[in-house]
Number of protein chains: 2
Amino acid sequence: MEASARAERSDGRRTRAAILRKAADLASVEGLSGLTIGRLATELGMSKSGVFAHFGSMEELQLAAIELAAGIYATEIVRPALREPPGAARLARLIDAFISYSERHVFPGGCFFGTTIVEFDSRPGRLRDRLARAQRDWIEVISGFLIEGRRIGDVEESADVGQLAFEISSVLTTADWLYNLHGDAEALARGRRAAMRTLSGALASPARASGLAAGPD
Amino acid sequence: MEASARAERSDGRRTRAAILRKAADLASVEGLSGLTIGRLATELGMSKSGVFAHFGSMEELQLAAIELAAGIYATEIVRPALREPPGAARLARLIDAFISYSERHVFPGGCFFGTTIVEFDSRPGRLRDRLARAQRDWIEVISGFLIEGRRIGDVEESADVGQLAFEISSVLTTADWLYNLHGDAEALARGRRAAMRTLSGALASPARASGLAAGPD
DNA sequence: CCTACCGATCGGTAGG
DNA sequence: CCTACCGATCGGTAGG
């Protein structure tokens with residue numbers, strides 16, 4: 001009885017996870033508005049009501065897909081950077097991890113947040129609010145790493161952290177959707193080069209001389 | 001008879017133009033996929049089939065809306081720049097015209113192409129093909145102005161025109177959707193500053209010293 | 001997790 | 001440019 005109940009809950013969690021992964025993948029291509037319960041059900045070999053029952057409404061499903069995507073983003077991009085020492089090395093790794101995440105098509109339609117944030121930037125509601133928070137979180141990650149770098153002397157005292165985080169995130173996000181639009185890896189190379197040069201311009205002389213953030217450019 | 005036929009055609013053109021303007025406005029908020037014939041009809045006080053008859057299919061309507069938006073983009077952003085002399089002044093005006101276009105909400109949901117290009121970057125078909133061309137055209141405008149500037153000595157001989165055009169377009173586009181997402185004009189200020197600094201870094205010393213591209217930053 | 005169903009809306013057509 | 005209509009699909013519900 002206990003074991004069977006646990007197994008049921010475990011199956012339920014697996015099914016729920018499978019639905020959300022499929023939803024996040026689809027949303028990266030067609031947007032969160034492009035999701036339909038019927039299509040998810042067909043692709044997963046389930047009934048519509050079977051999919052629906054896990055979430056109670058389409059919007060709850062969409063919000064849960066955003067949560068899943070945020071976790072994947074943290075794992076694929078932020079975590080690799082955290083394995084590097086603070087400062088220039090960590091920032092360079094963050095940039096490379098984003099480019100790699102885009103290039104490997106972790107989501108089939110490119111960066112989940114690139115697609116969905118632009119989709120909802122002018123559509124008030126819970127989805128926009130959640131996506132706006134995700135965007136602020138990402139800027140906070142970059143800004144936090146820059147502040148950390150400044151504390152240890154890698155980044156110039158006078159660096160405008162907010163402006164730098166804006167510029168680095170801009171060129172990375174744009175590189176991702178340009179890569180998907182034209183199917184041309186040159187966009188990723190341009191994005192990486194721009195982000196690395198922006199970072200490089202903010203480094204104090206010793207860190208810059210060490211070449212940690214310069215890469216093969 | 002002649003006059004009446006002309007009047008009819010003229011009314012038809014006006015109706016068609018009204019449909020497309022409404023479609024482009026709606027698409028800037030909800031995307032080209034968010035357009036429905038029923039909603040357009042309701043908002044315009046027409047019947048569904050009345051809207052439909054002008055285009056023959058939803059995709060033709062969407063393609064026509066892209067054409068209209070491309071014209072507005074040319075009028076609002078490229079044309080003001082063409083009124084300036086070639087070189088640093090023209091490039092600075094292009095940047096300011098984009099920021100102004102974003103700030104004035106020429107389209108209610110922000111830059112039409114920012115929304116729709118990201119929407120279709122991974123969805124093969126005629127819409128993506130047309131939007132990809134619009135994106136290349138925009139890069140060509142920026143690149144062309146940079147090459148022109150190089151010819152007259154405003155822009156450094158060694159400038160990497162493709163890379164510069166990528167960087168300038170990246171920060172402008174991102175500024176636009178960030179402005180809409182957070183409702184905060186700081187994003188526009190950051191985008192303008194980043195674009196102007198990128199431009200400034202590519203100017204030959206005499207043009208840079210003249211301060212044409214620096215603005216109030 | 002399923003079948004069977006609801007009213008609403010979708011793009012598109014017929015006929016005028 | 002309209003009314004009237006088509007089959008398909010939408011999110012969601014009832015009942016199990």
Side-chain angles (χ1 to χ4, degrees), chain A residues 1 3-24 26-27 29-66 116 119-120 123 125-127, chain B residues 1 3-24 26-27 29-66 116 119-120 123 125-127:
Chain A
M1 205 61 176
S4 144
R6 260 208 313 277
E8 269 177 77
R9 283 203 302 275
S10 171
D11 285 354
R13 275 201 305 274
R14 260 200 302 273
T15 302
R16 191 188 139 96
I19 295 168
L20 289 178
R21 180 67 224 205
K22 180 66 73 178
L26 276 172
V29 177
E30 321 240 12
L32 283 165
S33 307
L35 289 178
T36 70
I37 295 174
R39 173 138 180 226
L40 282 168
T42 302
E43 298 218 11
L44 292 160
M46 291 174 64
S47 67
K48 273 174 57 178
S49 63
V51 171
F52 184 84
H54 282 273
F55 305 97
S57 79
M58 188 65 213
E59 192 178 58
E60 289 298 331
L61 192 160
Q62 290 163 322
L63 286 165
I66 295 171
T116 58
E119 183 184 6
F120 279 92
R123 299 163 76 171
R126 296 171 72 201
L127 294 175
Chain B
M1 203 62 173
S4 144
R6 261 209 311 279
E8 271 178 75
R9 283 204 302 276
S10 171
D11 285 355
R13 276 202 305 273
R14 260 201 302 274
T15 302
R16 189 187 141 97
I19 295 168
L20 289 178
R21 180 68 224 205
K22 181 65 75 177
L26 276 172
V29 177
E30 323 239 12
L32 284 165
S33 307
L35 289 178
T36 70
I37 295 173
R39 175 140 178 223
L40 282 168
T42 302
E43 298 218 10
L44 292 159
M46 291 174 63
S47 67
K48 273 175 56 178
S49 64
V51 172
F52 184 84
H54 282 272
F55 304 97
S57 77
M58 189 63 215
E59 192 178 59
E60 290 299 331
L61 192 160
Q62 289 164 322
L63 286 165
I66 295 172
T116 58
E119 182 184 5
F120 279 92
R123 298 163 78 172
R126 295 171 72 198
L127 294 175

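In what follows, chains are A, B, ... by sequence order, proteins preceding strands, each numbered from 1.
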Student: Just wondering, do A:L127 and A:R123 contact through their side chains at under 4.5 Å, heavy atoms?
Tutor: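 A side-chain contact is absent here, since even the closest heavy-atom pair is not under 4.5 Å.
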Student: Drop me the distance from B:E59's CD to B:Q62's CD, to the nearest 0.5 angstrom.
Tutor: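 So the gap between those two atoms works out to 6.5 Å.
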Student: In Å, rounded to the nearest 0.5 Å, how long is the span from CD1 of B:I37 to CE of B:M46?
Tutor: 11.0 Å
Student: Between atom CZ of B:R126 and atom CZ of B:F120, what is the distance when rounded to the nearest 0.5 Å?
Tutor: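 Reported to 0.5 Å precision, the distance equals 12.5 Å.
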Student: In whole Å, I'd like the distance from the CZ atom of B:F52 to the P atom of C:dG12.
Tutor: 5 Å
Student: 5'-most contact on DNA chain D: A:S57 or B:M46, nearest heavy atom basis?
Tutor: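 It is B:M46, whose closest nucleotide lies nearer the 5' terminus.
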Student: What's the CD-C1' distance between A:E60 and D:dG12, to the nearest Å?
Tutor: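 Atom CD in A:E60 sits about 14 Å away from atom C1' in D:dG12.
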Student: If I take atom NE2 in residue A:H54 and atom P in nucleotide D:dG11, what distance separates them, rounded to the nearest angstrom?
Tutor: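 Taking atom P of D:dG11 as the reference, NE2 of A:H54 is at 17 Å.
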Student: Counting only heavy atoms and a strict 4.0 angstrom limit, can you tell me which residues of residues 32-43 of chain A come near DNA chain C?
Tutor: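 Going residue by residue through residues 32-43 of chain A, none turns out to have a heavy atom under 4.0 Å of DNA chain C.
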Student: Atom CD of A:Q62 to atom C1' of D:dG11: distance rounded to whole Å?
Tutor: 11 Å
Student: Using modelled atom types and a 3.5 Å cut-off, is there a donor and acceptor pairing between side-chain atoms of B:E119 and backbone atoms of B:L32?
Tutor: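 Checking the backbone N and O of B:L32 against the side chain of B:E119, a donor-acceptor pair under 3.5 Å is found.
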Student: Any chance you could encode DNA chain D as dot-bracket? Rule is Watson-Crick or G-U wobble with both distances under 3.5 Å; [ ] for pairs crossing earlier ones, | for another strand.
Tutor: ||||||||||||||||
Student: Without decimals, in angstroms, what is the distance between A:K48 NZ and C:dA4 P?
Tutor: 14 Å
Student: Side chains of A:L40 and A:K48, heavy atoms from C-beta outward: is any pair under 4.5 Å?
Tutor: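 Heavy-atom side-chain distance check fails, nothing below 4.5 Å.
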Student: Out of curiosity, B:L44 CG to B:R21 CZ, how far, rounded to the nearest 0.5 Å?
Tutor: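 Rounded to the nearest 0.5 Å, the CG-CZ separation comes out at 12.5 Å.
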Student: If you measure from CD on B:E43 to NZ on B:K22, what distance do you get to the nearest 0.5 Å?
Tutor: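 Going from the CD atom of B:E43 to the NZ atom of B:K22 covers 5.0 Å.
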